[in-house]
Amino acid sequence: MIKASAPGKLMLFGEHAVVYNKPCIVAAVDHRIGVSLEKREDRKIVLSAPDINFKNYVALIDDLVKSHPKKVRFVLTSVFNFFEKYKIKSGLDIETKSEFSDRIGLGSSSAVVVSTIKALSELFEIEVGKKEIFDLAYKTVLDIQGVGSGFDVAAAIYGGFLLFVKGGKTIKSIKTEKIPLVVGYTGVKADTSTLVKRVSERLKENPKGINKIFEEIERIVNLAEIEMENQNWEKIGKLMSLNQDLLRNLGISSKELENLIRAALKGGAYGAKLSGAGGGDCMIAVTCKEEQDRVKKEIERVGGKIIEVKIPAKGVRVE
Ligand code: PMV
(Lines give C-alpha, C1' and ligand atoms only; values in the text may rest on other atoms or scores of the structure.)
Protein backbone atom coordinates (compact mmCIF):
# COMPACT_ATOMS: atom_id res chain seq x y z
CA MET A 1 0.00 0.00 0.00
CA ILE A 2 1.17 3.53 -0.82
CA LYS A 3 0.32 6.54 1.29
CA ALA A 4 0.94 10.24 0.63
CA SER A 5 -0.10 13.30 2.59
CA ALA A 6 -0.28 17.04 1.88
CA PRO A 7 -0.84 20.08 4.11
CA GLY A 8 -3.66 22.61 4.19
CA LYS A 9 -3.08 26.34 3.73
CA LEU A 10 -3.81 29.81 4.98
CA MET A 11 -3.74 32.84 2.73
CA LEU A 12 -1.63 35.49 4.49
CA PHE A 13 -1.85 38.33 1.94
CA GLY A 14 -3.27 39.04 -1.49
CA GLU A 15 -6.52 37.05 -1.85
CA HIS A 16 -8.78 38.03 -4.76
CA ALA A 17 -6.11 40.27 -6.32
CA VAL A 18 -4.23 37.01 -7.08
CA VAL A 19 -7.11 35.97 -9.36
CA TYR A 20 -6.18 39.07 -11.45
CA ASN A 21 -2.49 38.17 -11.74
CA LYS A 22 -1.24 40.02 -8.68
CA PRO A 23 1.05 38.11 -6.28
CA CYS A 24 -0.11 36.63 -2.98
CA ILE A 25 1.56 35.07 0.07
CA VAL A 26 0.36 31.68 1.29
CA ALA A 27 1.47 29.46 4.18
CA ALA A 28 1.16 25.67 4.42
CA VAL A 29 -0.35 24.55 7.76
CA ASP A 30 0.30 21.34 9.68
CA HIS A 31 -3.20 19.92 9.24
CA ARG A 32 -2.73 17.25 6.58
CA ILE A 33 -4.84 15.02 4.36
CA GLY A 34 -3.56 11.54 3.66
CA VAL A 35 -4.47 9.26 0.75
CA SER A 36 -3.74 5.50 0.76
CA LEU A 37 -3.84 3.50 -2.47
CA GLU A 38 -3.74 -0.10 -3.50
CA LYS A 39 -4.19 -1.69 -6.94
CA ARG A 40 -7.21 -3.91 -7.61
CA GLU A 41 -7.51 -6.65 -10.20
CA ASP A 42 -10.93 -5.48 -11.47
CA ARG A 43 -12.05 -2.21 -13.10
CA LYS A 44 -13.43 -0.61 -9.96
CA ILE A 45 -12.28 2.41 -8.00
CA VAL A 46 -13.46 1.79 -4.45
CA LEU A 47 -13.24 4.88 -2.32
CA SER A 48 -13.61 5.27 1.43
CA ALA A 49 -13.47 8.60 3.17
CA PRO A 50 -14.48 7.80 6.76
CA ASP A 51 -14.09 11.45 7.87
CA ILE A 52 -16.92 12.48 5.58
CA ASN A 53 -18.97 9.32 6.04
CA PHE A 54 -18.21 7.70 2.71
CA LYS A 55 -17.58 4.00 2.85
CA ASN A 56 -16.84 1.78 -0.14
CA TYR A 57 -18.14 4.17 -2.78
CA VAL A 58 -17.71 2.41 -6.12
CA ALA A 59 -16.93 4.06 -9.46
CA LEU A 60 -15.92 2.22 -12.63
CA ILE A 61 -12.66 3.32 -14.25
CA ASP A 62 -14.46 4.15 -17.51
CA ASP A 63 -16.92 6.29 -15.63
CA LEU A 64 -14.74 8.45 -13.39
CA VAL A 65 -15.94 11.97 -14.13
CA LYS A 66 -19.65 11.38 -14.42
CA SER A 67 -22.09 12.61 -11.78
CA HIS A 68 -20.38 11.50 -8.60
CA PRO A 69 -21.19 13.18 -5.29
CA LYS A 70 -19.25 16.40 -4.77
CA LYS A 71 -17.35 14.94 -1.81
CA VAL A 72 -15.62 12.26 -3.89
CA ARG A 73 -15.25 14.24 -7.09
CA PHE A 74 -11.83 15.69 -6.21
CA VAL A 75 -10.27 12.26 -5.71
CA LEU A 76 -11.99 10.66 -8.72
CA THR A 77 -11.13 13.54 -11.08
CA SER A 78 -7.50 13.40 -9.88
CA VAL A 79 -7.41 9.69 -10.75
CA PHE A 80 -9.08 10.35 -14.12
CA ASN A 81 -6.62 13.11 -15.07
CA PHE A 82 -3.63 11.04 -13.92
CA PHE A 83 -4.79 7.98 -15.92
CA GLU A 84 -5.41 10.16 -19.00
CA LYS A 85 -2.01 11.82 -18.82
CA TYR A 86 0.04 8.68 -18.16
CA LYS A 87 -2.12 6.27 -20.20
CA ILE A 88 -2.94 4.00 -17.27
CA LYS A 89 -6.04 2.03 -16.41
CA SER A 90 -6.22 0.11 -13.17
CA GLY A 91 -8.69 -0.67 -10.45
CA LEU A 92 -7.87 0.96 -7.12
CA ASP A 93 -8.77 0.87 -3.46
CA ILE A 94 -8.50 4.40 -2.08
CA GLU A 95 -8.87 5.68 1.45
CA THR A 96 -8.55 9.30 2.51
CA LYS A 97 -7.91 10.50 6.03
CA SER A 98 -8.14 14.11 7.06
CA GLU A 99 -6.78 15.93 10.10
CA PHE A 100 -9.18 18.81 9.51
CA SER A 101 -12.75 19.55 8.56
CA ASP A 102 -13.57 20.42 4.96
CA ARG A 103 -15.77 23.23 6.26
CA ILE A 104 -13.24 25.68 7.70
CA GLY A 105 -11.47 26.84 4.55
CA LEU A 106 -8.04 25.32 5.17
CA GLY A 107 -7.78 23.91 1.65
CA SER A 108 -8.97 20.31 2.00
CA SER A 109 -9.82 19.97 -1.71
CA SER A 110 -6.39 21.00 -2.97
CA ALA A 111 -4.63 18.88 -0.30
CA VAL A 112 -6.60 15.76 -1.26
CA VAL A 113 -5.96 16.31 -4.99
CA VAL A 114 -2.22 16.76 -4.44
CA SER A 115 -1.98 13.73 -2.10
CA THR A 116 -3.87 11.57 -4.60
CA ILE A 117 -1.62 12.53 -7.51
CA LYS A 118 1.55 12.01 -5.44
CA ALA A 119 0.34 8.61 -4.21
CA LEU A 120 -0.58 7.57 -7.79
CA SER A 121 2.87 8.54 -9.08
CA GLU A 122 4.44 6.33 -6.38
CA LEU A 123 2.06 3.44 -6.97
CA PHE A 124 2.72 3.36 -10.72
CA GLU A 125 6.40 4.27 -10.32
CA ILE A 126 6.25 7.35 -12.52
CA GLU A 127 8.59 10.18 -11.68
CA VAL A 128 6.50 13.34 -11.53
CA GLY A 129 8.25 16.62 -10.62
CA LYS A 130 6.68 19.25 -8.37
CA LYS A 131 5.73 21.55 -11.25
CA GLU A 132 4.16 18.62 -13.10
CA ILE A 133 2.13 17.74 -10.00
CA PHE A 134 1.14 21.39 -9.80
CA ASP A 135 -0.08 21.51 -13.42
CA LEU A 136 -2.09 18.29 -13.08
CA ALA A 137 -3.53 19.19 -9.66
CA TYR A 138 -4.41 22.73 -10.77
CA LYS A 139 -6.13 21.39 -13.88
CA THR A 140 -8.09 18.98 -11.65
CA VAL A 141 -9.24 21.78 -9.32
CA LEU A 142 -10.25 23.95 -12.31
CA ASP A 143 -12.11 21.01 -13.92
CA ILE A 144 -14.30 20.88 -10.82
CA GLN A 145 -14.45 24.46 -9.54
CA GLY A 146 -13.94 26.46 -12.71
CA VAL A 147 -12.18 29.29 -10.84
CA GLY A 148 -9.09 29.69 -8.70
CA SER A 149 -5.52 30.92 -8.76
CA GLY A 150 -3.95 27.62 -7.62
CA PHE A 151 -2.32 29.14 -4.50
CA ASP A 152 -3.73 26.33 -2.33
CA VAL A 153 -2.39 23.67 -4.71
CA ALA A 154 1.08 25.25 -4.55
CA ALA A 155 1.02 25.31 -0.72
CA ALA A 156 0.04 21.62 -0.64
CA ILE A 157 2.94 20.69 -2.93
CA TYR A 158 5.80 22.96 -1.89
CA GLY A 159 4.92 23.64 1.77
CA GLY A 160 6.46 26.53 3.74
CA PHE A 161 5.71 30.15 2.89
CA LEU A 162 5.30 31.02 -0.78
CA LEU A 163 5.06 34.08 -2.92
CA PHE A 164 2.67 32.90 -5.60
CA VAL A 165 1.31 34.16 -8.93
CA LYS A 166 -1.77 32.61 -10.59
CA GLY A 167 -1.30 29.33 -12.44
CA GLY A 168 2.15 28.86 -10.87
CA LYS A 169 3.78 31.63 -12.94
CA THR A 170 5.78 32.40 -9.76
CA ILE A 171 6.19 29.93 -6.90
CA LYS A 172 8.92 31.34 -4.69
CA SER A 173 9.78 30.19 -1.20
CA ILE A 174 9.97 32.95 1.43
CA LYS A 175 12.65 32.33 4.03
CA THR A 176 11.39 33.16 7.48
CA GLU A 177 10.75 31.70 10.91
CA LYS A 178 7.43 30.59 12.40
CA ILE A 179 5.08 33.54 12.29
CA PRO A 180 3.18 34.11 15.60
CA LEU A 181 -0.31 33.65 14.19
CA VAL A 182 -3.70 33.16 15.82
CA VAL A 183 -6.45 31.65 13.66
CA GLY A 184 -10.13 32.20 14.46
CA TYR A 185 -12.97 30.37 12.73
CA THR A 186 -16.23 32.28 12.23
CA GLY A 187 -18.47 29.20 12.10
CA VAL A 188 -19.73 30.31 8.67
CA LYS A 189 -18.80 28.40 5.52
CA ALA A 190 -17.47 30.66 2.77
CA ASP A 191 -18.55 30.06 -0.80
CA THR A 192 -15.43 30.83 -2.80
CA SER A 193 -16.95 30.83 -6.30
CA THR A 194 -19.77 33.21 -5.29
CA LEU A 195 -17.27 35.63 -3.74
CA VAL A 196 -14.91 35.46 -6.72
CA LYS A 197 -17.93 36.19 -8.93
CA ARG A 198 -18.95 39.10 -6.74
CA VAL A 199 -15.51 40.69 -7.16
CA SER A 200 -15.60 40.17 -10.93
CA GLU A 201 -18.99 41.94 -11.07
CA ARG A 202 -17.61 44.85 -9.05
CA LEU A 203 -14.65 45.02 -11.41
CA LYS A 204 -17.03 45.28 -14.37
CA GLU A 205 -19.03 48.03 -12.68
CA ASN A 206 -16.02 50.01 -11.51
CA PRO A 207 -12.81 48.91 -13.28
CA LYS A 208 -10.80 51.97 -12.25
CA GLY A 209 -11.64 51.77 -8.54
CA ILE A 210 -11.26 48.00 -8.22
CA ASN A 211 -8.00 47.90 -10.18
CA LYS A 212 -6.69 50.58 -7.82
CA ILE A 213 -7.52 48.25 -4.89
CA PHE A 214 -5.69 45.37 -6.59
CA GLU A 215 -2.63 47.59 -7.11
CA GLU A 216 -2.67 48.60 -3.44
CA ILE A 217 -2.90 44.93 -2.44
CA GLU A 218 0.07 44.16 -4.69
CA ARG A 219 2.08 46.89 -2.96
CA ILE A 220 1.22 45.37 0.45
CA VAL A 221 2.20 41.87 -0.70
CA ASN A 222 5.58 43.10 -1.91
CA LEU A 223 6.24 44.90 1.40
CA ALA A 224 5.04 41.87 3.36
CA GLU A 225 7.50 39.61 1.57
CA ILE A 226 10.37 41.81 2.75
CA GLU A 227 9.03 42.14 6.30
CA MET A 228 8.51 38.38 6.58
CA GLU A 229 12.16 37.85 5.71
CA ASN A 230 13.03 40.49 8.34
CA GLN A 231 10.72 38.71 10.81
CA ASN A 232 9.23 42.06 11.68
CA TRP A 233 5.93 40.75 13.01
CA GLU A 234 4.67 44.12 14.18
CA LYS A 235 5.02 45.46 10.64
CA ILE A 236 3.44 42.27 9.24
CA GLY A 237 0.44 42.86 11.53
CA LYS A 238 0.07 46.44 10.33
CA LEU A 239 0.23 45.28 6.71
CA MET A 240 -2.47 42.67 7.43
CA SER A 241 -4.78 45.35 8.78
CA LEU A 242 -4.13 47.49 5.68
CA ASN A 243 -4.88 44.47 3.48
CA GLN A 244 -8.11 43.96 5.45
CA ASP A 245 -9.18 47.59 4.83
CA LEU A 246 -8.85 46.93 1.10
CA LEU A 247 -10.73 43.60 1.29
CA ARG A 248 -13.51 45.36 3.18
CA ASN A 249 -13.67 47.94 0.38
CA LEU A 250 -13.90 45.08 -2.12
CA GLY A 251 -17.09 44.05 -0.29
CA ILE A 252 -16.10 40.53 0.70
CA SER A 253 -15.75 40.82 4.48
CA SER A 254 -18.66 39.89 6.77
CA LYS A 255 -20.14 40.78 10.11
CA GLU A 256 -18.69 37.62 11.69
CA LEU A 257 -15.20 38.23 10.29
CA GLU A 258 -15.25 41.87 11.38
CA ASN A 259 -16.31 40.83 14.92
CA LEU A 260 -13.41 38.42 15.26
CA ILE A 261 -10.93 40.86 13.74
CA ARG A 262 -12.05 43.64 16.08
CA ALA A 263 -11.75 41.27 19.06
CA ALA A 264 -8.21 40.25 18.05
CA LEU A 265 -7.14 43.89 17.84
CA LYS A 266 -8.78 44.59 21.19
CA GLY A 267 -6.77 41.69 22.64
CA GLY A 268 -3.57 43.40 21.53
CA ALA A 269 -2.85 41.82 18.12
CA TYR A 270 -0.48 43.78 15.86
CA GLY A 271 -2.99 43.35 13.05
CA ALA A 272 -5.64 41.02 11.65
CA LYS A 273 -7.47 40.13 8.46
CA LEU A 274 -9.70 37.56 6.84
CA SER A 275 -7.95 34.67 5.12
CA GLY A 276 -9.24 33.29 1.82
CA ALA A 277 -12.32 34.23 -0.12
CA GLY A 278 -14.05 36.12 2.71
CA GLY A 279 -17.71 35.92 3.72
CA GLY A 280 -16.81 33.44 6.49
CA ASP A 281 -14.21 30.71 7.15
CA CYS A 282 -11.20 31.96 9.13
CA MET A 283 -9.50 35.18 10.13
CA ILE A 284 -5.86 35.46 11.14
CA ALA A 285 -4.08 37.78 13.57
CA VAL A 286 -0.41 38.39 14.26
CA THR A 287 0.51 38.95 17.90
CA CYS A 288 3.58 39.07 20.09
CA LYS A 289 4.01 35.90 22.19
CA GLU A 290 2.88 37.60 25.42
CA GLU A 291 -0.47 38.70 24.00
CA GLN A 292 -1.33 35.43 22.25
CA ASP A 293 -3.59 34.08 25.01
CA ARG A 294 -5.38 37.38 25.44
CA VAL A 295 -6.04 37.59 21.68
CA LYS A 296 -7.40 34.01 21.67
CA LYS A 297 -9.66 34.74 24.65
CA GLU A 298 -11.07 37.88 23.01
CA ILE A 299 -11.81 35.96 19.80
CA GLU A 300 -13.57 33.23 21.78
CA ARG A 301 -15.47 35.78 23.83
CA VAL A 302 -17.23 37.04 20.68
CA GLY A 303 -18.05 33.52 19.47
CA GLY A 304 -14.99 32.60 17.38
CA LYS A 305 -13.38 29.16 17.55
CA ILE A 306 -9.59 29.04 17.80
CA ILE A 307 -7.97 26.69 15.29
CA GLU A 308 -4.56 25.63 16.56
CA VAL A 309 -2.13 25.50 13.64
CA LYS A 310 1.59 25.22 13.28
CA ILE A 311 3.05 26.98 10.31
CA PRO A 312 4.95 26.53 8.14
CA ALA A 313 4.35 22.87 7.35
CA LYS A 314 6.17 20.59 4.91
CA GLY A 315 4.72 20.03 1.46
CA VAL A 316 3.42 16.77 -0.03
CA ARG A 317 5.31 13.62 0.95
CA VAL A 318 5.10 9.87 0.76
CA GLU A 319 4.47 8.47 4.22
O1 PMV B 1 -11.73 30.38 -0.23
P2 PMV B 1 -10.31 30.00 -0.30
O3 PMV B 1 -9.70 29.76 1.05
O4 PMV B 1 -10.06 28.87 -1.24
O5 PMV B 1 -9.52 31.25 -0.88
C6 PMV B 1 -9.85 31.85 -2.10
C7 PMV B 1 -8.85 32.88 -2.47
C8 PMV B 1 -9.16 33.63 -3.76
O9 PMV B 1 -8.05 34.49 -4.01
C10 PMV B 1 -10.40 34.47 -3.60
C11 PMV B 1 -9.35 32.69 -4.93
C12 PMV B 1 -8.08 32.00 -5.40
O13 PMV B 1 -8.19 30.88 -5.89
O14 PMV B 1 -7.00 32.59 -5.31
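Values below: all heavy atoms of this structure, side chains included; hydrogens, waters and symmetry mates excluded.
Note on V128: it clusters hydrophobically with V153, by side-chain heavy-atom contacts below 4.5 Å among ILVMFWY residues. Under the 4.5 Å side-chain heavy-atom criterion for Ile, Leu, Val, Met, Phe, Trp and Tyr, V199 and L142 are members of the same hydrophobic cluster. Grouping the Ile, Leu, Val, Met, Phe, Trp and Tyr side chains by contacts below 4.5 angstrom, directly or via other members, places V113 apart from V318. V165 and I217 are not part of a single hydrophobic cluster, where members link through side-chain heavy atoms under 4.5 Å apart. Placement of I252 and V188 in two distinct hydrophobic clusters is found when ILVMFWY residues are connected by side-chain heavy-atom separations under 4.5 Å, directly or transitively.
Across every non-hydrogen atom of M1 and S36, the tightest pair is SD-CB, 3.5 Å. Residue F161 comes nearest to M228 through the heavy atom pair CD2-CE, 3.5 Å, listed as atom of the first residue, atom of the second, then distance.
Between the side chains of K3 and S5, no donor-acceptor pair is found at a separation under 3.5 Å. Using a 3.5 Å distance cut-off with no hydrogens or angles, the side chains of N21 and K169 do pair a donor with an acceptor.
Separation of the F164 and F151 ring centroids does not fall under the 6.0 Å cut-off. Taking the six-membered ring where the residue is Trp, the centroids of H16 and F214 are separated by 6.0 Å or more. Side-chain rings of Y57 and F54 approach one another, their centers coming within less than 6.0 Å.
Hydrophobic clustering, defined by side-chain heavy atoms of Ile, Leu, Val, Met, Phe, Trp and Tyr closer than 4.5 Å, leaves L60 isolated from every other such residue. Residue V58 belongs to a hydrophobic cluster whose other members are V46, with links defined by side-chain heavy atoms closer than 4.5 Å.
Every pair passing side-chain hydrogen bond (donor to acceptor under 3.5 Å, both in side chains) that includes a residue from residues 142-165 is listed here, sequence neighbours excluded: N81-D143, K139-D143.
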inquiry  = Working note: R262 + N259, criterion side-chain hydrogen bond (donor to acceptor under 3.5 Å, both in side chains); need CA distance, chi angles, decisive distance, verdict.
reply    = CA-CA 5 Å; R262 218 176 302 117; N259 271 345; 3.3 Å; yes
inquiry  = Under the criterion side-chain hydrogen bond (donor to acceptor under 3.5 Å, both in side chains), I'd like the reasoning laid out for S173 against K175: C-alpha separation, chi angles, the key distance, then a yes or no.
reply    = CA-CA 6 Å; S173 159; K175 304 267 169 299; 3.0 Å; yes
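Atom CG in L242 sits 8.5 Å away from atom CD in E216 (nearest 0.5 Å). The structure places OG of S275 at 8.0 Å from CG of L106, a figure rounded to the nearest 0.5 Å.
Remark: E95 does not engage K55 in a salt bridge, criterion side-chain N to carboxylate O under 4.0 Å.
V29 places none of its side-chain heavy atoms less than 4.5 Å from the side chain of K310.
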